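Data block below; observations after.
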Amino acid sequence: MTRRPLVALLAAAFLAPAGLAGPATPATAQVAIECPAPASPAAAAASAPAATPAAAPAEVAFPEGGGDLTVFAAASLTEAFEEIAAELEATNPGLAVTLNFGGSQALVTQIEQGAEADVFASANFAQMEAAEENGSIAGEPVVFVRNKLAIVVPTANPGGIGDPADLAADGVRLVLANPDVPVGRYAREALCLTGADPVAYGEGFVEAVAANIVSEEEDVRDVLAKVELGEADAGIVYVSDALVGGEAVSQIEIPEAVNRVAAYPIAAVAGGDAALAEAFIAYVLSPEGQGVLTGFGFEPAG
Amino acid sequence: MPVVAAERGTTPAGPRRGLPVALVWLLPLPLLLLLALPLVALVWRGASGEGLSAEGAMILRQALGLSLATSAVSTAAIVGFGTPLAYALARKRFPGARAVDLLIDLPIVLPPSVAGIALLLAFGRFGLVGSWLNAAGVTIGFTTAAVVLAQSFVAAPFYVRAAAGAFRRIDRDLEIAAANLGASPWRTLWSVTMPLALPSLLAGAVLAWARALGEFGATIMFAGSFPGVTQTMPLAIYGRYGSGDLETAILLSLALLVASAVTLAAIRALVGDRVAAPGA
């Protein structure tokens with residue numbers, strides 16, 4: 001064996017990683033934010049809540065002796081649903097609530113592939129409709145809570161973000177959820193609405209923001225984690241998640257006019273325990289359940 | 001079992017009696033099925049589907065290209081730095097050798113999520129080293145370099161283990177003979193030691209490459225996920241699965257399976273079956 005190939009290999013090993021490092025400007029493949037036609041704001045607003053919130057739901061008692069209840073819920077509901085589950089388990093002896101959180105779109109796939117669930121709480125209607133279309137849902141979904149978007153930045157604010165316009169500044173490292181995740185879609189819609197006002201935000205706002213996206217995460221909590229760690233300069237999450245981030249993150253408001261409000265639908269899953277599901281949904285819609293949710297930064301359904 | 005009895009009867013004095021066929025093939029059957037069925041299902045579903053959409057084809061092109069490139073760079077780096085390390089571990093006594101030995105083993109037992117957190121704490125923007133790099137204008141997070149670091153972290157031990165084992169097993173008498181015949185230490189290394197170790201080094205490199213190609217957890221936590229930059233095949237597959245696009249996820253998985261099989265087969269054809277068993 002001659003020594004030359006090995007020497008070349010060694011040289012490549014030393015040089016290659018050095019060449020790959022450096023300033024973080026993704027050189028290839030820009031996935032632009034695709035905005036709908038200019039007439040969009042009204043359309044986007046109209047498309048929001050299809051189902052109306054259930055008015056003053058009747059209280060439904062859990063079956064005598066409890067049972068095992070499995071709830072699949074959007075990642076943003078984690079803390080609120082954990083508290084609701086704990087309260088229900090404390091007041092209903094024999095009731096055991098299992099919670100499974102994830103991106104709503106991943107939960108739909110899991111349910112479709114046969115995961116056993118009794119209740120599905122989604123962060124948007126598109127995923128609830130996808131679940132309905134594949135026959136996973138029993139009954140009519142109802143809106144149980146709403147959630148606005150907010151920009152989160154690390155407390156040290158390395159990107160110097162003060163308002164949405166700053167997201168377009170050169171070199172800002174922005175992390176969004178991917179466009180198939182509800183919060184990722186809402187975030188892009190909000191950015192499109194923002195860009196539709198070129199007087200306030202300048203021409204090419206959406207393109208500039210799109211060029212700043214460094215990562216597209218699988219759910220809202222992954223976005224938050226990247227900001228908490230300080231890896232990203234900014235992320236767009238729900239207001240409720242911004243609160244979960246605690247002292248590690250600061251929240252920057254997105255103006256009402258360009259914000260998107262997520263309406264969360266909840267429904268019983270076909271093939272699940274209907275009685276347990278009905279009781280859980282009724283509790284979530286009750287004043288107590290709504291109180292827990294608003295305590296975590298959500299807005300009431302009504 | 002009459003057949004076995006008959007065999008026993010015909011070769012009573014044979015030096016080696018084969019184990020009963022039933023024992024050799026039936027006992028491992030569950031394991032064989034466990035290994036084969038998921039792959040069969042993947043090929044079956046992938047082949048009976050509608051084929052890749054235009055969007056899926058673009059994801060495949062970007063992600064597979066990125067996966068092959070990053071895993072090749074990681075493997076080259078691991079071999080480049082890992083060979084001298086393995087040699088030192090096998091041949092030299094030095095203070096802290098046991099600690100280094102342990103250090104090499106740890107990434108094998110650590111879950112990738114631990115690797116992801118640890119890499120963030122070291123090379124993240126506010127990390128131990130990352131904060132210095134950041135001050136110097138170099139950020140690693142969300143770049144292709146972060147993918148290579150994550151892959152190298154999890155895959156290096158597999159190569160270093162194999163290489164150190166190879167260096168330990170070489171008959172020292174051959175090296176001594178070469179030295180007695182007047183070969184310099186370097187000449188002995190290149191003409192005797194390295195050729196003897198080569199099959200195991202290649203086997204180790206293949207193992208490390210395979211591990212790098214499959215890296216998922218540390219990458220998604222440390223490097224993020226962006227098409228063409230950090231979204232390798234495992235991340236793209238997870239992303240499609242999570243987005244409810246199971247069809248594309250299946251086809252991407254199939255593509256990765258085929259690419260891996262072809263690469264392994266090519267390497268074996270190139271260097272012979274000596275690389276067949278990485279543990280050897």
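Excluded from the calculations below are hydrogen atoms, water molecules and symmetry mates; all remaining heavy atoms, backbone and side chain alike, are included. The sequence lines fix the lettering, A, B, ..., with proteins before strands; numbering per chain opens at 1. Keep in mind that what you see is a predicted model, and the values were worked out from it rather than measured.
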By a 4.5 Å heavy-atom criterion (distance strictly below it), what part of A:P154 contacts chain B: side chain, backbone, both, or neither?
neither
Looking only at heavy atoms, the pair that brings A:A232 and B:F142 closest together is N-CE1, 4.1 Å
Do B:R125 and A:D233 have side-chain heavy atoms sitting under 4.5 Å apart?
yes
Non-hydrogen atoms of B:F226 and A:S215 that approach each other most closely:
CD1-N, 4.0 Å
With sequence neighbours excluded, tell me which residues meet side-chain contact (heavy atoms from CB on, under 4.5 Å) with A:A267.
A:M128, A:I137, A:P141
CD (A:E116) with more than 12 external heavy atoms under 6.0 Å
no
Examine distances only and state if a side-chain atom of B:S225 and a backbone atom of A:E217 form a donor-acceptor pair shorter than 3.5 Å.
no
Which atoms of B:R61 are under 4.5 Å from chain A, going by heavy atoms: the side chain, the backbone, both sets, or neither?
neither
More than 12 heavy atoms of other residues, nucleotides or ligands under 6.0 Å from CZ of B:F216: is that the case?
yes
A:E218 portion near chain B, given a 4.5 angstrom heavy-atom threshold:
side chain
Which distance, rounded to the nearest 0.5 Å, do you find between the CG of A:D180 and the CG of B:D245?
7.5 Å
Atom pair CG/CE of A:D222 and B:M221 - distance to nearest 0.5 Å
8.5 Å
CD (A:E231) and CZ (B:F222) are apart, to the nearest 0.5 Å, by 7.0 Å
Take atom CZ of B:R91 as the centre, draw a 6.0 Å sphere, and report whether it contains more than 12 heavy atoms from other residues, nucleotides or ligands.
yes
Under a 4.5 Å cut-off applied to non-hydrogen side-chain atoms, are B:Y241 and A:Q105 in contact?
no
More than 12 heavy atoms of other residues, nucleotides or ligands under 6.0 Å from CG of A:D170: is that the case?
no
B:L246 side chain reached by A:Q113 side chain, heavy atoms, under 4.5 Å
yes
For the residue pair A:K226 and B:I220, what are the closest heavy atoms and their distance?
NZ-O, 3.1 Å
Answer with side chain, backbone, both or neither: which region of A:V175 has an atom nearer than 4.5 Å to a non-hydrogen atom of chain B?
side chain
Over 12 foreign heavy atoms within 6.0 Å of CG, B:L42
yes
